[in-house]
S.K.: 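My questions will all concern the structure given below.
Each ligand, and each atom within it, is numbered from 1 in the order the structure gives. Along the sequence shown, the residues carry numbers beginning at 1.
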Amino acid sequence: MPPIIHQAISQCSPSLAIMKYWGKAHTANNTPATPSIAVTLKSLMTETRVFVLDGIDAQDMVVLGGVLQTTERYASFFAALRSLCGPSKVFWAESANNFPTAAGLASSSSGFAALVHGACAALGIIKDSKAITEAMSQVARVGSASAARSLYGGFTLLDRQAYHATELHPANHWPELRVIVVRIHDGPKEISSRKAMEQTRITSPFYQAWVDDALQLVPQAQEALANKNLPRLGELARKSYLRMFSTMFAADPPIIYWQAQSLTVMKLCTTLRQLGIEAWETMDAGPQVKIFCLAQQTNAILQALATQLPDCPCLVDEVGDGPCVTTVPRLLASVHPVLANAAKTYGVVLG
Ligand code: DP6
């Protein structure tokens, strides 16, 4: 019997943590040790074309930014995806980002979420159902815990030890909120967040204090978010990222993602706040800085950034929706030669 092929293209935005996940409760199943609260962005986007094949004895394949990836990083994720989509399924995917990959801009969150979403869309198992979204979030978590949050739009919570994320508020909860992404350096990070958080968990003397503290802070952040209280939420977000990094600095060997310009942005935000401009910065596993602010104060912040860091490009984003399926790709052209050649080898026709 000829193989059966289903396909879909999914677009998904990264989940930027306001309160950070850093450290695993269970390494094997990739559940988080700390609860995290995040916002799904709007303009930053991953686009993923997924082919789901049945009746073929082939390897899963992922082409990211035009490069075929090694499958090791994806093995447990694809196993989880097969448990959702069917044990005989094989997945071939190609993915592109409209922002730098693996540079601390949460590309793994949108990447794994788009993969699971695209696969389910191809098979027609996406219904507007809470149970399906939770199941997709659960599979995405195996790939990257932050990806569990990217299956939802608006504001999300991934609780400690949780298997899937939940939506706290839809995107229209806070339409005035803006996120300024300051690109300090586009190169890939020296150490993956997965490796870095394990190194932190195992070697940092401050790790347990970080986890205990996060459990105290996150409910307060949830309340500030519900009330759209930016000064309060910003203060808590700042504690979250600075305490996360403090545990990393104390790891052995230490983990340092910051660059000099990252610190310049942090200090600039402090100065702006003293002037009455609510600019609250955060950072992830990379040197880029993201600033939470309100629409009406965005220009003042951009002007200050342009004066101090004229060489760092800035992008203003807002709160976005969850993933969607498209028939009009914006980032992917025709099927990548790696996948097209594999199709020839197996005698299957893609598309
Ligand atoms: C700093 O979700 O990339 O962005 O689960 O090991 O793949 P793995 O880690 P990942 O880590 C994200 C860390 C963070 C904070 C966050 O997004 O909550």
S.K.: So is Arg141 touching ligand 1 or not, going by heavy atoms under 4.0 Å?
M.R.: no

S.K.: For ligand 1 and Ala17, I'd like to know whether there is a polar contact (N/O to N/O, distance under 3.5 Å).
M.R.: no

S.K.: Trp258 vs Phe249 aromatic rings, parallel, tilted or perpendicular, using cut-offs 30° and 60°?
M.R.: perpendicular

S.K.: How far is atom 3 (O) of ligand 1 from the closest protein heavy atom, and which atom is that?
M.R.: Ser193 OG, 3.0 Å

S.K.: I'd like a table of donor-acceptor pairs (distance under 3.5 Å, sequence neighbours excluded) in which one partner is a side-chain atom from residues 48-55, with atom names and distances.
M.R.:
residue: Thr48; atom: OG1; partner: Ser95; partner atom: OG; Å: 2.8
residue: Arg49; atom: NH1; partner: Glu94; partner atom: OE2; Å: 2.8
residue: Arg49; atom: NH1; partner: Ala333; partner atom: O; Å: 3.3
residue: Arg49; atom: NH2; partner: Ala333; partner atom: O; Å: 2.8
residue: Asp54; atom: OD1; partner: Ser88; partner atom: OG; Å: 2.8
residue: Asp54; atom: OD2; partner: Lys89; partner atom: NZ; Å: 2.9

S.K.: Among all the protein's non-hydrogen atoms, which is closest to atom 7 (O) of ligand 1, and how far away is it?
M.R.: Ser144 OG, 2.5 Å

S.K.: With respect to Ser15, determine whether any N or O atom, backbone or side chain, lies less than 3.5 Å from an N or O atom of ligand 1.
M.R.: no

S.K.: More than 12 foreign heavy atoms under 6.0 Å from CD of Gln296: is that the case here?
M.R.: yes

S.K.: Going by the angle between their ring planes, with limits at 30° and 60°, are Trp22 and Tyr257 parallel, tilted or perpendicular?
M.R.: perpendicular

S.K.: Suppose we measure from atom 9 (O) of ligand 1 to each protein heavy atom; which comes out shortest, and what is that distance?
M.R.: Met197 CE, 3.4 Å

S.K.: Which residue supplies the protein heavy atom nearest to atom 14 (C) of ligand 1, what is that atom called, and how far is it?
M.R.: Asp284 OD1, 3.7 Å

S.K.: From atom 6 (O) of ligand 1, work out which of Lys24, Arg73, Met244 has a heavy atom at the shortest distance.
M.R.: Lys24

S.K.: For Leu331, which fellow cluster members are found when Ile, Leu, Val, Met, Phe, Trp and Tyr are connected by side-chain heavy-atom distances below 4.5 angstrom, either directly or through intermediates?
M.R.: Met45

S.K.: Counting only nitrogen or oxygen atoms and a 3.5 angstrom limit, does Lys20 reach ligand 1?
M.R.: no

S.K.: Any idea how His173 and His169 line up, ring-wise: parallel (<30°), tilted (30 to 60°), or perpendicular (>60°)?
M.R.: parallel

S.K.: When the ring centroid of Tyr74 is compared with that of Phe91, is the distance short of 6.0 Å?
M.R.: no

S.K.: Determine whether any heavy atom of Ala106 lies closer than 4.0 Å to an atom of ligand 1.
M.R.: no

S.K.: If we ignore hydrogens and angles and just use 3.5 Å, is the side chain of Asp317 paired with the main-chain N or O of Lys42 as donor and acceptor?
M.R.: yes

S.K.: Would one find an N or O of Tyr21, backbone or side chain, under 3.5 Å from an N or O of ligand 1?
M.R.: yes

S.K.: Nearest to atom 17 (O) of ligand 1, what protein heavy atom do you find, and at what distance?
M.R.: Arg149 NH2, 2.8 Å

S.K.: What's the shortest distance from atom 2 (O) of ligand 1 to any protein heavy atom, and which residue and atom give it?
M.R.: Ser146 OG, 2.6 Å

